[in-house]
S.K.: 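Quick one: this structure, given as C-alpha cells, is what I'll be asking you about.
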Amino acid sequence: MAAVQKLSESTYTFLSIIDHTLDDIKSLYYLDNGHNRRVPCYGLGSLEIMPLEVLRMVILRLNIQLITHFRRVNRRARLVVDQIPQYKQIIVHAPASIRGCLSIRTGFSFSCQDLYDKLRTADCNSCSDFGGYLYLVTCRRVCFLYFTEKTDYLPLL
Ligand SMILES: [Zn+2]
C-alpha cells in the first residue's frame with residue numbers, strides 16, 4: 001500500500017513510497033473464499049443445536065486463526081463463517097488483512113470483530129491523524145508518521 005497524505009478534511013492522495021507493507025508481498029497466506037460453492041453434505045454436529053445467530057456471534061468473537069481452522073472442518077462450517085456479514089465485508093474489502101495476519105502468525109491475537117471494528121475506523125490509535133495503515137501485530141490503526149518513525153511499530157530482527 002502506498003502512503004496516504006491528507007490534503008483537506010475529506011481529501012487524501014496516495015504517495016509513491018515503497019513502504020514494505022504486506023500488500024507488496026505476493027506470497028501471502030492463500031484464502032479459498034469463494035472457490036468452493038458445492039452444497040454441504042454434513043452438518044456441524046453438536047453445534048447444530050445452537051441457533052445460527054448465536055453461533056455467528058460466537059464465531060465473531062473467535063480469533064482469526066481459529067475462524068480459519070473452523071472453516072476447514074467441512075463445507076457447512078465454511079458456509080456458516082462465510083455468511084457472517086462482518087467476515088464477508090472483510091473478505092470483500094480487505095482480504096489482505098486476514099491473509100497478512102495469518103502469514104505473520106498474529107491471527108491468534110485478535111478477533112474477527114476486532115479486525116472489523118478497526119477496518120471501519122479511520123483515525124490513528126496514537127494520534128488523531130488519518131490512520132492509513134493497519135498494524136497487524138496488535139490490530140491497531142496507525143498513521144504514516146507513527147508507522148515509519150515510532151519505535152513501537154518498527155520490526156524486530
Ligand atoms: Zn498517528
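Counting starts at 1 for both ligands and their atoms, following the listed order. Remember, it's a predicted structure, so these values are computed and weren't measured experimentally.
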S.K.: A cation-pi test, strictly: NZ or CZ of Lys150 under 6.0 Å from the centre of the six-membered ring of Tyr146 and no more than 45 degrees from its axis. Yes or no?
M.R.: yes
S.K.: Have a look around the Zn ion (ligand 1) and list protein N/O/S atoms under 2.8 Å, or say none.
M.R.: Cys124 SG, Cys127 SG, Cys143 SG
S.K.: Measure from the side-chain N and O atoms of Arg76 to the backbone N and O of Cys41, and report whether any donor-acceptor pair falls under 3.5 Å.
M.R.: no
S.K.: Going by salt bridge (charged side-chain N to carboxylate O under 4.0 Å, His left out), name the pairs with one or both residues in residues 82-94, residues two or more places apart or in two chains.
M.R.: Arg71-Asp82
S.K.: Which word best sums up how the rings of Phe130 and Tyr12 line up, parallel for under 30°, tilted for 30 to 60°, or perpendicular for over 60°?
M.R.: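 Plane angle between 30° and 60°, so tilted.
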S.K.: Please check this pair: side chain of Asn125 against backbone of Val142, looking for a donor-acceptor N/O pair closer than 3.5 Å.
M.R.: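 Flag not set: sc Asn125 to bb Val142 has no pair under 3.5 Å.
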S.K.: Examine the side chains of Tyr153 and Arg140 and answer whether a donor and an acceptor come within less than 3.5 Å of each other.
M.R.: yes
